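Chain letters run A, B, ... following the sequence lines, proteins first, then strands; residues in each count from 1. Worth saying up front: this structure is predicted, and the values here are computed from it rather than measured.
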Amino acid sequence: MKNILVIGANSAIAKATARHYAEQKDSLYLLARDPEQLAVQKDDLMVRGATSVECAAFDATDFTSHGPLIAQALETLGHFDIVLIAHGSLPDQALCESDFNVALEAFNVNALSVISLLNYVIKPMQTRRDGCIAVVTSVAGDRGRQSNFIYGAAKAMVSTYLQGLRGRLFPDNVAVVDIKPGFVDTPMTAHLPKGALWAQPEQIAQRIVKGVEKRSSTVYAPGFWRLIMFVVCSVPEVIFKRLKL
Amino acid sequence: MKMHSWGRYPVSDTVLEAPRSRESFARHLTALRDSDDRQIIARGMGRSYGDSALSHTVLATKSIDNFIDFDEDSGLLRCAAGLTLDAILQVFMPRGWFLAVVPGTRYVSVGGAIASDVHGKNHHVDGTFCEHVTELTLLLASGDILKCSRAENAPLFHATCAGMGLTGIVLEATLRLRRIHSSAIEQRTIRTNSLEEAFEKFEQNLDCTYSVAWLDCLATGQNTGRSLLFLGEHASDERFVTPRKRSLSVPFSSPSFLLNRYSMGLFNNVYFHKPIRAGQLQRIEAFQYFFPLDSIQHWNRLYGRRGFLQYQCVIPDEGALEGMRKILNMVSAAGKGSFLSVLKKFGPANQNLLSFPMRGYTLAMDFKFEQGVLPLLDDLDRVVADHGGRLYLAKDARMSAEFFQSSYPHWEQMRELRREFFADSLFHSLQSQRLGL
């Protein structure tokens, strides 16, 4: 039985992952923005077999609240075996370019809040010398594309941060897993047309569970994105800048 | 966007909306009520075959897929309507619980199973899916949310069960699960060489919990109606095997000419002659017994781009043998039949206004969409009508309003009730419009 903290628990990917852990009879602590949705999810996870589920409402951009919230979660669970960070937003690129405040908000939600939260999570895990931190970033962070580079830059910031953190926590036996999903059919992307590359949140959840179990460094989800991103990153910039991607 | 259901026919131009939570359904509904578009239908997994989950605007229930409560003592499970039967079985089978009634696929939503009042291989013993639904929560056209059961708002309950989504949107339901003592089924297979023999065997085995026959609808002459009858009971060995995830998939529409009377005739022939040990008990996993086709994802793509029609009729006991024989002769004469068809004995009908099953025999066949199929099905309709039968709405994409209205005796009551709750101002599917509901 594991103790698991899920941040951004109402996201489709986090939800699917939490369900898996609930069916393994684990104990969960959920943080997310909408308390009504959290209550619904709590009941769901309990029926699925979770040993216990507690939750609290949280606002990713209210940085001062992060410390007390994580402390409360730690007190409830006792310790963290797994911390999954999955909150995020998909900002409108054109709007980000015309209004810096929108871009700033996107960075706050997708990047800075993650770094702030991790600050509080790391210490107890270091002290215990065990556990796994999994953060959902995106393949969009692997290379900047003109259609989506604010979101991409924010995710890239987190990925780079996680690379460094992985090394820092290695001696303390704490694993850091960077989850990079491709296109996922979730409410965040409900307005986009779907093609063959799109995956369901359950598929991503399976990759997360496996990645955490194996303490992998970077997990592309589904796995074929590793190949796609290898190709995308191999295109010389001279050509890439001319592509309307 | 272009949308179709499991039969891939017809294809409609549809606006898809996906409310994220129970609360947002009411908000979406209010917004739609104030717009020009007043033709809305709820859609779960899109596993009905024809046009019953197609409309101008479709509200997907997929995102309300949470469990709410389970009582170990009574076996009562409360859950949101978008949850699939698969999700329920994955969680509850290892704990010794099974759904009281399951259709031929577990990839349907609870809401869809209620709307179609689906039946299973135990209909002659346990009735339909809705007979094990104790309560449901319905979002009405007015935006009000109402609890319905046999005791509370009973008329609305019996109209919503089997109501094809035409009374409102089912948000939650309470189901009674069945205790099981194994994840396996003990199966007995009986080979029968004619339709008479198949009927006889059904009648002899009425006390058997599960029974279904796979029938070779392309066989002619002496072989007409030859079939394999599968009888099943839950095993009791207290062994629970975790169901395997499906693996095979049909990645794209295959050229439909691959399925022709010769290839399908060959398949049916091989299947019919597959080695069985007559009368012996065989232990197979429940998923394999109940959902053989679920192991191949997207099997509907085998019928090609133009899709297929499924024809499922029921004929009351008195004329069943004669009617079925006529139907099989017409189908094999036209050379239009398909993979193995399914024959099943039904128990009595229930009180739900548009429920399909009635005491008699039901036959389900697939037809590739091609020249000549629609006229053939119209001919079959006449045979079914002559023998007092009717067609299953969840599979229908083409029956006439006239045939529907003459074969569903409570359809006018349904229309009245829709008027009473203003459902007719908002909830329409392409099917309900075709049938004059």
Side-chain angles (χ1 to χ4, degrees), chain A residues 8-16 18-26 28 30 32-50 53 55 89-90 184-203 205-207 209-210 222 224, chain B residues 1-3 15-28 45 58-60 62-72 75-84 86-97 107 171-172 174-175 177 242-243 245-246 249 251-253 297-298:
Chain A
N10 285 337
S11 89
I13 292 174
K15 218 189 246 182
R19 286 176 173 188
H20 173 90
Y21 287 123
E23 283 162 28
Q24 306 300 313
K25 302 190 168 43
D26 294 334
L28 293 116
L30 314 175
R33 192 170 41 191
D34 180 351
E36 273 175 37
Q37 282 297 306
L38 276 175
V40 169
Q41 206 185 150
K42 177 180 172 169
D43 289 343
D44 176 68
L45 296 175
M46 286 306 288
V47 173
R48 283 174 195 269
V53 181
C55 43
S89 69
L90 185 60
V184 189
D185 185 4
T186 68
M188 189 173 92
T189 58
H191 58 289
L192 301 173
K194 311 280 185 292
L197 292 177
W198 287 75
Q200 293 302 313
E202 292 73 25
Q203 291 169 267
Q206 274 175 25
R207 296 281 298 169
V209 169
K210 215 169 137 195
F224 60 75
Chain B
M1 63 183 285
K2 298 276 182 219
M3 188 182 273
V15 179
L16 176 68
E17 299 202 15
R20 288 186 68 163
S21 65
R22 193 190 133 117
E23 289 68 32
S24 53
F25 269 92
R27 281 199 297 276
H28 275 254
M45 295 293 281
V58 161
L59 283 182
K62 226 170 118 177
S63 58
I64 48 164
D65 64 344
N66 52 291
F67 289 105
I68 299 167
D69 188 35
F70 180 64
D71 180 16
E72 286 281 344
L76 286 178
L77 171 70
R78 198 148 76 90
C79 63
L83 197 71
T84 63
D86 179 55
I88 295 175
L89 293 173
Q90 299 282 358
V91 170
F92 283 96
M93 261 179 78
R95 295 195 216 163
W97 295 96
Y107 298 113
L171 297 175
E172 290 171 13
T174 306
L175 321 173
L177 301 189
T242 309
K245 296 274 179 194
R246 57 192 169 165
S249 173
F252 46 80
S253 303
Q297 278 187 66
H298 304 296

J.: Tell me the closest heavy-atom pair linking B:L77 and A:V47, and the distance in Å.
T.: CD1-CG1, 4.2 Å

J.: Counting only heavy atoms not in A:K194, do more than 12 sit closer than 6.0 Å to its NZ atom?
T.: yes

J.: On a heavy-atom basis, which atom in A:R48 and which in B:D65 lie closest, and how many Å separate them?
T.: NH2-O, 3.8 Å

J.: With rounding to the nearest 0.5 angstrom, report the OG1 to CZ distance, A:T186 to B:R20.
T.: 7.5 Å

J.: Determine the option with the most heavy-atom pairs under 4.5 angstrom with chain A, choosing from B:I68, B:L83, B:D69.
T.: B:I68

J.: Applying side chain to side chain contact (heavy atoms under 4.5 Å, CB included), run through A:D185 and B:K62 and close with a yes or a no.
T.: CA-CA 12 Å; A:D185 185 4; B:K62 226 170 118 177; 4.0 Å; yes

J.: When rounded to the nearest 0.5 angstrom, what distance separates CG in A:D34 from CD in B:E23?
T.: 8.0 Å

J.: Given a strict heavy-atom distance threshold of 4.5 Å, which part of B:L16 is in contact with chain A: side chain, backbone, both, or neither?
T.: neither

J.: So how far is it from B:N66 CG to A:K42 NZ, rounded to the nearest 0.5 Å?
T.: 14.5 Å

J.: Which atoms form the tightest heavy-atom contact between B:S21 and A:Q37, and what is the distance?
T.: CB-NE2, 2.9 Å

J.: Atom SG of B:C79 and atom CG of A:D44: how far apart are they, to the nearest 0.5 Å?
T.: 10.0 Å

J.: Measure A:Q41 against the heavy atoms of chain B and call it side chain, backbone, both or neither at under 4.5 Å.
T.: neither

J.: With a 4.5 angstrom heavy-atom cut-off, could you sort out which part of B:E17 is near chain A: side chain, backbone, both or neither?
T.: neither

J.: Given heavy-atom pairs under 4.5 angstrom as the criterion, report whether the side chain, backbone, both or neither of A:N10 touches chain B.
T.: backbone

